Student: 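For reference, the structure I am asking about is given below.
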Amino acid sequence: MGFLASHRHLLLALAQVARTLALLALVTAVFAPLEHFFAVRRAKLFEKGWSTNLGWYFVNSLVVALLLGPPSALIAGLVHLVLPSAVTGAAAALPLPARMAAAVLVGEVGFYWGHRLSHEIGWLWRFHAVHHSATHVHFLVNTRAHPVDIVFTRLCGLVLLYATGLASVTGPHPTLVPALVLFVGSIWSYFVHANLRVRLGPLEEVIATPAFHHWHHTLEDHKDHNYASMLPVMDRLFGTFYLPRTWPERYGAQTPVPPDLLGQLLGPFEPAARPKA
């Protein structure tokens, strides 16, 4: 017991590593067989770039939570101080299922605009281009993302959750709703990136699918569409919805991105190259 008490931080770190490995095993066990039998395009499990994707999985699983914590706490505290309790406390009385449903909808507005701005603002695109550098889209591409990109997009959603009172710094389990929203969105993101020839008919207007998100990763025309993470209605509302019956021919980005993990991590911080005279 003395060891446990004196090495609590080490045990917490080991527990986080264990959860990270367990989640990787779970999503691989679910999606690898599905992608083998129902692939949009046949590909090997260890397709080009798989080691970079795997590296990003561990980096983001172990680092993003640490980076997201301080700014989330700051935003939550500022919102609680600035906005009247009548606003931030309006949703506090809702039952948890209703609050979760509302949080998914409200958070999606923020996630949509955070994602869209990452395409439209040059310095944000430098980080987001890492995600779009994949030329083969499958479930593990979900994890190929720069931590700065992830933190920015998630904060865009969390601001609205705290501002509407759907997430609160007070009360029991104050982090429960934002944590659940981020977890559900993260798990769904594995599905929409999966190399799965799945079409859901009219439901594709309601919930994001691989076809919906694959068109977001296209290298060809219509690439600046389908920003929503879970609810395509956001793209309908803001004029960026595109979902034909066909699938994209090619994936990737025109922006040059280093192929290795270290290059992708450090590259966005390098000064932009000046155009030649």
Side-chain angles (χ1 to χ4, degrees), residues 16-62 64 115 128-146 149-150 182-223 225-232 235 242-253 257-261 263-264:
Q16 178 61 36
V17 171
R19 288 193 292 269
T20 298
L21 291 172
L23 180 59
L24 177 62
L26 176 62
V27 296
T28 302
V30 170
F31 288 109
L34 290 174
E35 289 189 341
H36 176 75
F37 291 107
F38 305 105
V40 177
R41 290 178 180 82
R42 288 290 180 185
K44 299 176 182 178
L45 178 60
F46 300 110
E47 189 72 16
K48 180 181 178 182
W50 73 270
S51 59
T52 300
N53 296 335
L54 191 62
W56 275 121
Y57 173 81
F58 285 105
V59 168
N60 288 323
S61 295
L62 302 175
V64 166
H115 189 181
H128 191 58
V130 170
H131 181 61
H132 280 269
S133 65
T135 55
H136 170 62
V137 176
H138 63 114
F139 74 95
L140 205 55
V141 167
N142 173 46
T143 67
R144 180 190 285 233
H146 199 285
D149 178 34
I150 297 176
L182 293 179
F183 178 75
V184 170
S186 177
I187 295 301
W188 197 260
S189 192
Y190 284 104
F191 171 63
V192 298
H193 284 93
N195 179 26
L196 289 178
R197 189 175 291 277
V198 174
R199 302 305 300 252
L200 299 182
L203 287 178
E204 292 182 330
E205 295 279 341
V206 179
I207 193 75
T209 62
F212 173 84
H213 197 69
H214 277 224
W215 273 107
H216 177 71
H217 278 266
T218 180
L219 184 62
E220 311 297 343
D221 294 337
H222 309 291
K223 59 183 181 295
H225 289 77
N226 300 2
Y227 295 108
S229 56
M230 293 181 62
L231 304 177
D235 288 280
Y242 181 76
L243 187 57
R245 297 304 304 171
T246 57
W247 292 78
E249 291 295 327
R250 294 193 298 162
Y251 303 99
V257 174
D260 61 290
L261 177 62
Q264 293 178 5

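The structure presented is a predicted model; accordingly, all values stated were derived computationally and were not measured.
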Student: Answer whether the closest heavy-atom distance between the side chains of N60 and I150 falls below 4.5 Å.
Tutor: yes
Student: Tell me the closest heavy-atom pair linking A211 and V198, and the distance in Å.
Tutor: CB-O, 4.4 Å
Student: Is any side-chain heavy atom of H213 closer than 4.5 Å to a side-chain heavy atom of N226?
Tutor: no
Student: Report yes if the side chains of P210 and F191 come closer than 4.5 Å at any heavy-atom pair, otherwise no.
Tutor: yes
Student: Measuring from F37:CZ to L196:CG, what's the distance to the nearest 0.5 Å?
Tutor: 12.5 Å
Student: What distance separates Q264 CD from T52 OG1, expressed to the nearest 0.5 Å?
Tutor: 5.5 Å
Student: With sequence neighbours left out, write down each residue that passes ring pair (Phe, Tyr, Trp, His ring centres under 6.0 Å) with H136, or none if nothing qualifies.
Tutor: H138
Student: To check you understand the geometry: which heavy-atom pair defines the closest contact between P232 and A208, and what is its length?
Tutor: CD-N, 3.5 Å
Student: Could you give me the CA-CA distance, side-chain angles and deciding distance for L24 and L54, then say whether side-chain contact (heavy atoms from CB on, under 4.5 Å) is met?
Tutor: CA-CA 9 Å; L24 177 62; L54 191 62; 3.8 Å; yes
Student: Using 0.5 Å steps for rounding, measure from the CG atom of L261 to the OH atom of Y57.
Tutor: 15.0 Å
Student: Taking S186 for its side chain and L182 for its backbone only, find out whether a donor-acceptor pair lies under 3.5 Å.
Tutor: no
Student: Does any part of the side chain of M230, heavy atoms only, come nearer than 4.5 Å to the side chain of V184, both counted from C-beta?
Tutor: yes
Student: Give a yes-or-no answer on whether the side chains of S189 and N142 include a donor-acceptor pair shorter than 3.5 Å.
Tutor: yes
Student: Would you say the side chains of S133 and R144 form a donor-acceptor pair under 3.5 Å?
Tutor: yes
Student: What is the minimum heavy-atom distance between T143 and N53, and which atoms define it?
Tutor: OG1-O, 3.0 Å
Student: Do H131 and H193 make the cut of ring centroids closer than 6.0 angstrom?
Tutor: yes
Student: With a 4.5 Å limit on heavy-atom distance, are the side chains of L140 and W50 in contact?
Tutor: no
Student: Between OG1 of T218 and OH of Y242, what distance do you get to the nearest 0.5 Å?
Tutor: 8.5 Å
Student: Hey, is the main chain of R41 close enough, under 3.5 Å, to the side chain of N195 for a donor-acceptor pair?
Tutor: yes
Student: Quick one: are V141 and Y251 in side-chain contact, heavy atoms under 4.5 Å?
Tutor: no
Student: Provide the closest heavy-atom pair for F212 versus A228 in the form atom of the first, atom of the second, distance.
Tutor: CE2-O, 3.5 Å
Student: Does a side-chain heavy-atom distance below 4.5 Å link V40 with V137?
Tutor: no
Student: For the atom pair CG (D149) and NE2 (H132), what is the distance rounded to the nearest 0.5 Å?
Tutor: 8.5 Å
Student: Side chains of F139 and V30, heavy atoms from C-beta outward: is any pair under 4.5 Å?
Tutor: no
Student: Would you tell me whether H128 and H146 have side-chain atoms, one donor and one acceptor, within less than 3.5 Å of each other?
Tutor: no
Student: Test I207 against W188 for side-chain contact (heavy atoms from CB on, under 4.5 Å), laying out the working first.
Tutor: CA-CA 10 Å; I207 193 75; W188 197 260; 3.3 Å; yes
Student: Can you list everything that forms a ring pair (Phe, Tyr, Trp, His ring centres under 6.0 Å) with Y190? Sequence neighbours excluded, please.
Tutor: none
Student: Using 30° and 60° as the class limits, which term best fits the ring planes of Y227 and H115: parallel, tilted or perpendicular?
Tutor: perpendicular
Student: Nearest 0.5 Å, what's the CG-CD distance between L243 and E205?
Tutor: 7.5 Å
Student: So that I know where these two stand, are W247 and H214 an aromatic pair - ring centroids less than 6.0 Å apart?
Tutor: yes
